[in-house]
Amino acid sequence: IEYKEKESPSIWFTMEGDGITAVVWTTTPWTIISNVALAFHPDYEYVVVKVKDKNYVLARELLEKNANLLGWENFEVKELLKGTEFEGREFRHPFIDRISRGILADFVTLEEGTGIVHIAPGHGKEDFEVGREYDLPVISPVDERGRFTREAPGFEGLTTDEASRKVVEILKEKKSLLREDKIVHQYPHCWRCKHHLIFRATEQWFLSIDHRELRKKALSEIDKVKWIPPESKNRIYASVEERPEWCLSRQRVWGLPIPAFYCKNCKKAVLDPAVIRRVGEIFLEHGSDIWYERDASFFLPPDYTCPHCGGKEFEKENDILDVWFDSGVSSLVVLRDEEWPSHVYLEGPDQHRGWFNSSLMVSCAIREKAPYRVVITHGWVLDEQGRAMHKALGNVISPLEVIGKYGADLVRLWVGSSDYTQDVRLGPQILERLVDAYRKIRNTYRFMLGNLYDFTPEDALPSNELLPVDRYILSVFQVVKEKIKDFYEKYTFHRVYHTYMDFVIKYLSSFYLDILKDRLYTYGKTSKERRSAQTVLHEVLSEMLIIFSPVLSFTTEEAWSYLPGRKTESVFYNDFPPVKKELVDEKLMKEFEHILSVREDVLLLLEKGRREKIIGNSLEAKVIMENKDEVLEKYRDYLPEIFIVSQVEFGPAEGEVILEGEHGKYALKKADGNKCERCWVYSPTVGEDPQYPSLCSKCREVIRRGDYG
Ligand SMILES: [Zn+2]
Ligand SMILES: [Zn+2]
Ligand SMILES: [Zn+2]
């Protein structure tokens, strides 16, 4: 339904009551044919005004406005009445022999009209609902072509517009018409063919929401489900609490048929569980389209008789089921009994009235249980400025376009990195930022794989033989895994992404992988130092790929195919890797936290040395630290590697380049000795050996043993 402007008649007419005359306004004169009541607002005041020989009734607040419109010059207010006093009073229909009852309704307003609303339950939702409250008859003598039927004598065959004109003529004749005008107002139209709509009450199949306390059951089941985000629980709760009866039938030419029959003799509907099961069997064999190919007798058991009258001839129901019913039974159809209820339902916020709701009602009706354990509601996708995407605005981003340009994994990364509980933005700048993140991850995988070319899991060292910094990374990784596992379990995927990225950038890319280069490239190929690094690279990478495979599915699968000694053919054939508590070393992590903090100081010192042209490459430097604490002392042999310098000494910080850091004072000097041409580290050992005058002692050893290349 869409609303747009329409020109309609606008008429004031009267209905005679006991000594009073109600003044009523309407823009749909044809509905007066089906009038059965007049609605008054219980809280408004109404006046009885004498104009000539009539005692007109209307809302007090609208008296002046209507007096002008109706040209009442001399009138006298005779009485003031509360709206409630009209409940149960009787009025006479202006041209049909029918009583129109006075009723009360909150939807009566003072915005337009007279404060008295003509009620035709056959032609409007509010009218229908208030009609049910007052048990009013539903008169709806209009057929599906929009023409009046025999039930409206004198109007038969007329369209609603034609009937409106005729009603106005009759009202004039009966002296019931006070004013005739036209109005341009917002009126519901068909969104597809743009015709204006009329409302008519028809017979439909319903699922009774309160039958056997279904609504109560559904509401109590809502409490047992985990709703993400938590606020979404209020939405589903409200929509179940206030949902009207579920109209299950639709008048469409094709769909899933409603397996009901009508007795040709007594015209009553036959809805028999045994027959429905039989129809189900037939559908299972032939598909449901057979409903449209065969007649009723094909579906009914032989010699079936009407349970109401014993009749033997039947017609099929032509209506189909609401598609929300089709989707509502999906959990029962898709899941085997032992898999039911489903783990999680995931959809947009509109589904609180749609799929989440219909699934809940059907499951509670049939199995007395919600069909899901977790329901996740995601936001909408907006453009970069936070506007909804519209063709007219030209801001629509097609996933296929993004995939074509950046690859499917970038779209996956965008989804994984977004907090979907909110509306999510998408645009070129956001994608560019993600491209950077994606490259970072991909390059990290490449670097790690590139340094595992000569490694097989048999080369791995036991964890107690690993170098401290390698054990440290392995320990941090266990903590990261534990967090990520928890975030996955809570469906907070953007936290998975941020934790993963943080590990990639902070721990791997800007620290660990950087300091490993010397060890990986210049130490003996089979040396303990290099194998220690490779052991950690292999273990961390293989688990990193598994952990992130739900997000970067293509990239992780590709990297996995190059992983030496992989245990499964595909990365997806793995469970989430267990957190190895025995590798978590709190003390070591504390110590390295400190060392990394000192490293920040040293990086500033090196930067200063570079600015002052004392050094170029950091390996040209010797760092002298005044702070000689226990931890630094303990790991002093590893500090040159961690700082990527040639030498680290403890002592008074004096010289050209001085830094007052967070952890004390530092000095930078040119490194002692000469540069080894193989590893670029400066060392007094370079030149000691006439056979290899340009190599350091470490490199000479590697060359001598042939442990390289
Ligand atoms: Zn239409
Ligand atoms: Zn019958
Ligand atoms: Zn060397």
Side-chain angles (χ1 to χ4, degrees), residues 203 205 249 258-276 278-279 295-319 451 454 467 469 513-534 606 615-623 636-649 669-709:
E203 287 201 352
W205 291 99
S249 44
I258 294 175
F261 298 86
Y262 295 95
C263 170
K264 277 189 181 172
N265 182 43
C266 71
K267 312 283 181 212
K268 283 186 181 158
V270 176
L271 205 58
D272 176 340
V275 172
I276 292 173
R278 193 184 146 89
V279 172
D295 58 25
S297 61
F298 177 79
F299 300 97
L300 290 163
D303 304 322
Y304 191 75
T305 54
C306 170
H308 310 293
C309 75
K312 288 180 179 356
E313 285 188 59
F314 299 89
E315 277 173 23
K316 289 177 300 183
E317 170 63 89
N318 287 318
D319 287 359
N451 284 291
D454 61 338
L467 264 54
V469 67
L513 301 184
D514 203 21
I515 69 160
L516 276 191
K517 282 172 190 155
D518 181 54
R519 235 197 297 160
L520 290 166
Y521 299 158
T522 73
Y523 278 62
K525 246 183 107 172
T526 58
S527 65
K528 182 173 173 272
E529 290 85 353
R530 190 159 175 273
R531 288 305 192 206
S532 173
Q534 285 181 314
L606 293 170
I615 55 162
N617 189 308
S618 65
L619 285 174
E620 292 165 27
K622 167 160 86 172
V623 172
R636 68 179 302 162
D637 291 348
Y638 301 101
L639 295 180
E641 178 187 42
I642 290 167
F643 300 156
I644 318 185
V645 297
S646 284
Q647 291 128 22
V648 176
E649 283 174 9
K669 290 192 173 151
K670 268 199 155 313
D672 299 333
N674 291 314
K675 180 181 174 182
C676 167
E677 71 172 11
R678 184 168 174 274
C679 69
W680 295 14
V681 171
Y682 283 71
S683 167
T685 65
V686 176
E688 273 176 348
D689 187 333
Q691 202 190 341
Y692 300 106
S694 58
L695 296 186
C696 69
S697 56
K698 173 196 76 188
C699 289
R700 290 198 298 266
E701 185 58 26
V702 172
I703 298 293
R704 227 170 252 133
R705 288 173 37 206
D707 191 17
Y708 62 92

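Positions are given from 1, in the same order as the sequence printed here. In listed order, ligands and their atoms are each counted from 1.
- Of the possible donor and acceptor atoms, one in the side chain of Ser646 sits under 3.5 Å from a partner among the backbone N and O of Leu619.
- Taking a cutoff of 4.0 Å between a charged side-chain nitrogen and a carboxylate oxygen, Arg530 and Asp707 do not qualify as a salt bridge.
- Considering the Zn ion (ligand 2) as centre, the angle to SG of Cys309 and to SG of Cys306 is 110° (10° rounding).
- For Glu529 (side chain) and Gly524 (main-chain N/O), no donor-acceptor pair under 3.5 Å exists by modelled atom type.
- Residue His308: no N/O/S atom is found under 2.8 Å from the Zn ion (ligand 2).
- Protein atoms of type N/O/S that fall under 2.8 Å from the Zn ion (ligand 3) number 4 in this view.
- No donor-acceptor distance shorter than 3.5 angstrom exists from the side chain of Arg519 to the backbone of Ser532, with no hydrogens or angles considered.
- Of the possible donor and acceptor atoms, one in the side chain of Gln534 sits under 3.5 Å from a partner among the backbone N and O of Asn451.
- Remark: side-chain polar atoms of His308 are paired, donor with acceptor, to backbone N or O of Ala269 under 3.5 angstrom.
- Remark: aromatic rings of Phe314 and Tyr304 are close, center separation under 6.0 Å.
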